[in-house]
Amino acid sequence: YSAPFDVASTTTVRFRAYDRVGNEELVGQQLIRIDTVAPTTSAAAANTSGSVHWNGSGAVFYRPGGSGGFDLTATVTDGDSGPQKASFPAIAGFGAGGDDTTVPYSSSYSYSGTPTEPGAKVVTGYDNVNRTSTATVNVTADSTAPSGHSATIAGGYYTALSVAVTLDNGSDAGAGVNPASAVLER
């Protein structure tokens, strides 16, 4: 038998042959796996350094005029044929990207100076039958300082050397305020 036949789902095909006088071989079998579903891909950043911040939900911020680095990471899952690789984007002024076939999937990037804001960058995950899915990370310049930082002290005179001061971290529309960076001087 040499004609193709359709298989709609993962199945085991059994086969054997006969010779011209009726002798038959033992039954053989072959598992045929069908993968009709694309993998799932998610992306994040890790190992940030210098003037780079990952907000934990899709955005890498960098300060123009500074320097720093980060790794883009990808998780590719596929319940059928399994994950094959992640393909990371080339990001002008940051790094070449490329394919990574070793789990955990990642690609390192760094910058110095003031590269053009890259914007949305796509990481592509592949399964072992080359189906794909994507995840997006935004690489965003942040050159605006936070604002609205304030200190509140209850009014009046104090008779003790210890005075309660309440700090408000203010806000930042870009990378966000680093609360550990607040300085209170007297």
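- Between the CG atom of Asp172 and the OG1 atom of Thr144 there is a distance of 7.5 Å, given to the nearest 0.5 Å.
- Residues Gln30 and Phe15 are in side-chain contact: their nearest non-hydrogen atoms beyond the backbone lie under 4.5 Å apart.
- Taking every heavy atom of both residues into account, Thr11 and Val7 meet most closely at CG2-CG1, 3.3 Å.
- Glu117 contributes atom CD, which lies 9.0 Å from atom CZ of Phe61 (distance to the nearest 0.5 angstrom).
- The minimum heavy-atom distance linking Ala86 with Ala74 is given by the pair CB-CB, 3.8 Å.
- Distance check, rounded to the nearest 0.5 Å: OG1 of Thr166 to CD1 of Ile153 gives 9.0 Å.
- Here the shortest heavy-atom pairing between Asp127 and Gln84 reads O-NE2, 3.0 Å.
- In this structure, CG in Asp99 is found 4.0 Å from NZ in Lys85, a value given to the nearest 0.5 Å.
- Nearest heavy-atom pair across Asp71 and Ser108 is OD1-OG, 2.7 Å.
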Problem set entry | Worked check of side-chain contact (heavy atoms from CB on, under 4.5 Å) between Leu167 and Val165 | CA-CA 6 Å; Leu167 298 177; Val165 178; 4.1 Å; yes
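- Other residues sharing the hydrophobic cluster of Tyr62, ordered by chain and number and joined by side-chain separations under 4.5 Å: Val52, Trp54, Val60, Phe70, Leu72, Val76, Phe88, Ile91, Phe94, Val103, Tyr105, Tyr109, Tyr111, Val123, Val137, Val139.
- Contact between Leu31 and Arg33 at its shortest, heavy atoms only, is CD2-NE, 3.3 Å.
- Residues Ser133 and Pro39 form a side-chain contact, since some pair of their non-hydrogen atoms from C-beta on lies under 4.5 Å apart.
- Inspection of the Thr124 and Ser87 side chains reveals no N or O donor paired with an N or O acceptor under 3.5 Å.
- A salt bridge between Arg16 and Glu24 is present, with a side-chain N of the basic residue lying under 4.0 Å from a carboxylate O of the acidic one.
- Between the side chain of Asp35 and the main chain of Ser81, a donor-acceptor pair closer than 3.5 Å is present.
- Asp78 places no side-chain N or O within donor-acceptor distance of the main-chain N or O of Pro83, the cut-off being under 3.5 Å.
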- Message: One pair to check against side-chain contact (heavy atoms from CB on, under 4.5 Å): Asp100 and Ser106. What are the steps and the verdict?
- Response: CA-CA 7 Å; Asp100 187 357; Ser106 68; 4.2 Å; yes
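- Summarising the geometry, atom CG belonging to Asn138 is positioned 7.0 Å from atom OG1 belonging to Thr136; distances are rounded to the nearest 0.5 Å.
- Note that CD1 of Ile34 and OG1 of Thr10 are 6.0 Å apart. Values are rounded to the nearest 0.5 Å.
- The shortest side-chain heavy-atom distance between Pro89 and Val122 does not fall under the 4.5 Å cut-off.
- Heavy-atom minimum distance, Pro64 versus Ala141: CG-CB, 3.8 Å.
- Between the side chain of Ser112 and the backbone N or O of Ser67 there is no donor-acceptor pair closer than 3.5 Å.
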